[in-house]
Amino acid sequence: MKRILTLFFLNFAILLPVFAQNFLLAGTQDGLYKLSAVSAQRIWNEAAVRKIIKSGDIWFFLTDNGIVRSGDLLAFDPCNEGLPVKVIKKIAGTEKQFIKKTQMLKDLEVHPFHPGTLITATNSAVFLSEDSGKSWKNLGCHTAVNGLKAVCVLDLPDSHGNRQLTVLASHSIYGAAWKQPAVSDKWYPLSEGLVPGPESDEELSDIVVHSRNHTSEVYASQTFTGKLYRLDWGTKSFFAVSDWTDSIAEAQCIDGLSAGALSLIGCKNGALFEVPLMLPISHPNRLTGIELNLKRIGKQPLSAWLPQQMTSFGKALSLSELWLLDEGSKTLKTEYLRYASGRKGVYLPAHQAKTAAGLQRYFDLLEKNKLNMLVIDMKDDSGFVRYDSQDEVVQAAGAVRPFIQLEDFTAKAKERHIYLVARIVAFKDKQLYRYQQNRYAVKDTRGKPWQGYRTGDNGQEPIEEYWVDPYNEAVWQYNTAIAEELIKRGFDEVQFDYIRFPTDGENLYQARYPAQEQGMDKESAIMSFLAYARSKIQAPISIDIYGANGWYRTGARTGQEVEVLADYVDVICPMFYPSHFRQSFLAQNPAEERPYRIYRQGSYRNKIIAHNKAVIRPWTQAFYIPVSYDRKYYNEDYVQRQIIGIQDSIDEGYAYWNNSGRYADIRPDGMPLPEK
């Protein structure tokens, strides 16, 4: 009996590692779950978990607060030494706190043959660790513009044929690049063979290494083309393999690649996909079990790790970007998202609602065109508040210049089931700029109020814009108080416009922000303001952003980083105005379809960049600007093509913009283009 027991425990000890890993891990917005055959247990809850990698005997987790490691799934330790920190200013009454968190990381990969070598990236720099994440070295980026997306690390030959540690990275605007840190500090372009974008390189959503018998091949997915590529390192070119692309052709976005023994597994809209690298797939439905297992946690997974013995793919799998399994607006998660989705309307200049006749004209316009939303200035571009605000600071600033009787206006709108959005111009504000001897104004290098200028025939000509300091919590409180008051008095949603930093003026380099503190940057300021507003406003919050910030994964110059801001707002309103893009942008034949292309592709891209977290409600161009394309093509069809583009894309709503309130060029919602 003693011998039998000894053999039993000996065999159990041999099998223990197998039993110990007979589970899968799933990352969600609220932490990490461990799923066995009989249970789903949350084992860590300090941040969202967006990627899970097992390197040797250690798990690494890419989270919303940096990288965490664990050897036993009991103790979890941050490993962010050397990674940049984002500072969020939090206001609680008269007290303020500065909360430090690791800057949003875009990707995490491990070297296929050196478990202690890892690579990650922020939006503007790549970071390498060669000591299992204990410290990180900044490798920079191939462009000064932020917008990094994916990275990987492996050994590849240098120009002399010697194998060197090699880093690959992809950028939303400037494509892919490579660097061998031991050889040179220089980054080299690596986008040959990739389908280009309208004006620049299209980003790679993921780069993965497939290793077998101590050899490595690099594969990549392209975010918005649905194409997969293999890298030929000898020619520094990518090659699309048509068989693969055809198998996922219906996908508009693919991401989150993982390499099995003989295939690649990835994520597309609504499902996982698998493509063979060598042999045909013998069990085409083997992804079904993974999806069913992930559903057991009862939450939308963001990532997963599956041990080899729980898959039929020949090796362990790390799956990421699983939010793509959620098909956007079909599963809107919060009351605010559901309430705000599907709203369609026009911008109403507040002065045109001063009279009953003026207001009735807009009610008739909405009814005629089957629309259900009005967006109206409640704090306009000059900083004037266009209702009888009762806020003492607003009154003291001299900002109250009423155009409408608020309760009468909201009551009439509600009778007609009109959704009301209060537009609040946030950081461009002439009244607050002048208040208390320019206390809250952006300053110049001498400490004087800053105003941008251009050099014209008469010398320096001031730009008629007056900016207040986006870092200043008093500015946040001022705008948020207006928003709270408007919601209490009948509005359904508040919309912050000019939620950015100044971008114009030859003297922009002289602009200084007195309230900038504790290592905060532009993104920190916008994030901190929106976090404060979100804590106060009990209604949907929308923001207006530049079209380029919705099209590309970048917040260059403005601080409007969609991937980050989507955590704080319910609706994002990109201004994809065709006149504001370069005139050659998506202008291929038939050229008249350009507005349709811009809005169909742009709306979808913005939704993906926001990770499906927000309703995307684009502003459409219902105005003429005398640029070359508009001179030739602007008419009712031009405007309607934008609407059809949105409806053929995400179809979550839209709003027409015309600064003068002239809407003679719009057609009823749902009306097709006239047949020719």
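Only a predicted model underlies this, so the values are computations on that prediction, with no experimental measurement involved.
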Taking the side chain from [X] and the backbone from [Y], do they hold a donor-acceptor pair closer than 3.5 Å?
X	Y	answer
Thr102	Val85	no
Ser318	Ile52	yes
His114	Gly116	no
Trp233	Pro157	yes
Tyr654	Gln647	no
Arg641	Pro595	no
Lys268	Leu325	no
Asn80	Ile67	yes
Ser303	Val49	yes
Arg69	Phe60	no

Between atom [atom1] of [X] and atom [atom2] of [Y], what is the distance when rounded to the nearest 0.5 Å?
X	Y	atom1	atom2	value
Asp206	Ser320	CG	OG	5.5 Å
Asp232	Phe238	CG	CZ	10.5 Å
Asp155	Leu165	CG	CG	5.5 Å
Ser216	Leu231	OG	CG	11.5 Å
Ile616	Ile609	CD1	CD1	9.0 Å
Phe581	Leu586	CZ	CG	8.0 Å

So, for [X] and [Y], which heavy atoms are closest and what is the spacing to 0.1 Å?
X	Y	result
Ala525	Phe501	CB-CZ, 3.8 Å
Leu319	Ser258	CD2-CB, 4.1 Å
Ala259	Val208	N-CG2, 4.1 Å
Gly653	Ile646	O-CG2, 3.8 Å
Tyr629	Ala591	OH-O, 2.6 Å
Gln300	Trp323	NE2-CA, 3.8 Å

Does a side chain donor of either [X] or [Y] reach within less than 3.5 Å of an acceptor in the other side chain?
X	Y	answer
Glu523	Asn123	yes
Gln180	Thr166	yes
Ser221	Ser205	yes
Ser524	Asp521	yes

Subject >> Derivation of the side chain to side chain contact (heavy atoms under 4.5 Å, CB included) call for Lys315 and Ser211 >> reply: CA-CA 11 Å; Lys315 62 188 299 186; Ser211 56; 4.1 Å; yes

Is [X] salt-bridged to [Y], cutoff N-O under 4.0 Å?
X	Y	answer
Glu109	Lys51	yes
Glu202	Arg605	yes
Glu81	Lys134	no

Subject >> Other residues, nucleotides, ligands: >12 heavy atoms within 6.0 Å of Arg582 CZ >> reply: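 Count not over threshold, so no.
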
Original post:
Do other residues, nucleotides or ligands put more than 12 heavy atoms under 6.0 Å from Tyr174 OH?
Top reply: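 For Tyr174, atom OH is not crowded (no more than 12 foreign heavy atoms under 6.0 Å).
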
Original post:
What residue among Tyr599, Phe585, Tyr634 forms side-chain contact (heavy atoms from CB on, under 4.5 Å) with Pro578?
Top reply: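 Testing each of Tyr599, Phe585, Tyr634 against Pro578, the sole residue satisfying side-chain contact (heavy atoms from CB on, under 4.5 Å) is Tyr599.
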
Original post:
Among Asp255, Ile290, Leu272, which residue meets the side-chain contact (heavy atoms from CB on, under 4.5 Å) test with Leu322?
Top reply: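 Result for side-chain contact (heavy atoms from CB on, under 4.5 Å) with Leu322: Leu272.
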
**OP:** Tell me, please, which residues at least two apart from Asp158 pass side chain to side chain donor-acceptor pair (under 3.5 Å).
**Re:**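 For Asp158, the residues satisfying side chain to side chain donor-acceptor pair (under 3.5 Å) (neighbours in sequence not counted) are Gln164.
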
Original post:
Taking the six-membered ring of Tyr633, is NZ or CZ of Arg594 closer than 6.0 Å to its centre and within 45° of its axis?
Top reply: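 So Arg594 doesn't make the cation-pi contact.
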
Do [X] and [Y] come close enough that some side-chain heavy atom pair is under 4.5 Å?
X	Y	value
Leu156	Trp178	no
Met575	Tyr546	yes
Thr120	Leu108	yes
Asp64	Gln29	yes
Trp551	Pro198	yes
Leu324	Ile608	yes
His580	Ile625	yes
Leu32	Trp59	no

**OP:** Going by the side chain to side chain donor-acceptor pair (under 3.5 Å) test, name the single residue among Gln222, Arg553, Lys149 that passes it with Glu203.
**Re:**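 It is Arg553; the other options fail the test.
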
**OP:** List the steps, then state whether side chain to side chain contact (heavy atoms under 4.5 Å, CB included) holds for Leu25 with Lys54.
**Re:** CA-CA 11 Å; Leu25 298 175; Lys54 194 164 192 285; over 6 Å; no

Identify every side-chain donor-acceptor pair in residues 184-192 under 3.5 Å, counting partners at least two apart or on other chains, and give the distances.
from: Ser184; atom 1: OG; to: Lys186; atom 2: N; distance (Å): 3.0
from: Trp187; atom 1: NE1; to: Leu139; atom 2: O; distance (Å): 3.0
from: Ser191; atom 1: OG; to: Ala176; atom 2: N; distance (Å): 2.9

**OP:** Give the intermediate values and the outcome of side chain to side chain contact (heavy atoms under 4.5 Å, CB included) for residues Tyr638 and Asp630.
**Re:** CA-CA 9 Å; Tyr638 176 112; Asp630 285 22; 2.9 Å; yes

Original post:
Are Glu592 and Asp637 close enough, and set up right, to give a side chain to side chain contact (heavy atoms under 4.5 Å, CB included), and what steps lead you there?
Top reply: CA-CA 9 Å; Glu592 60 268 23; Asp637 289 350; over 6 Å; no

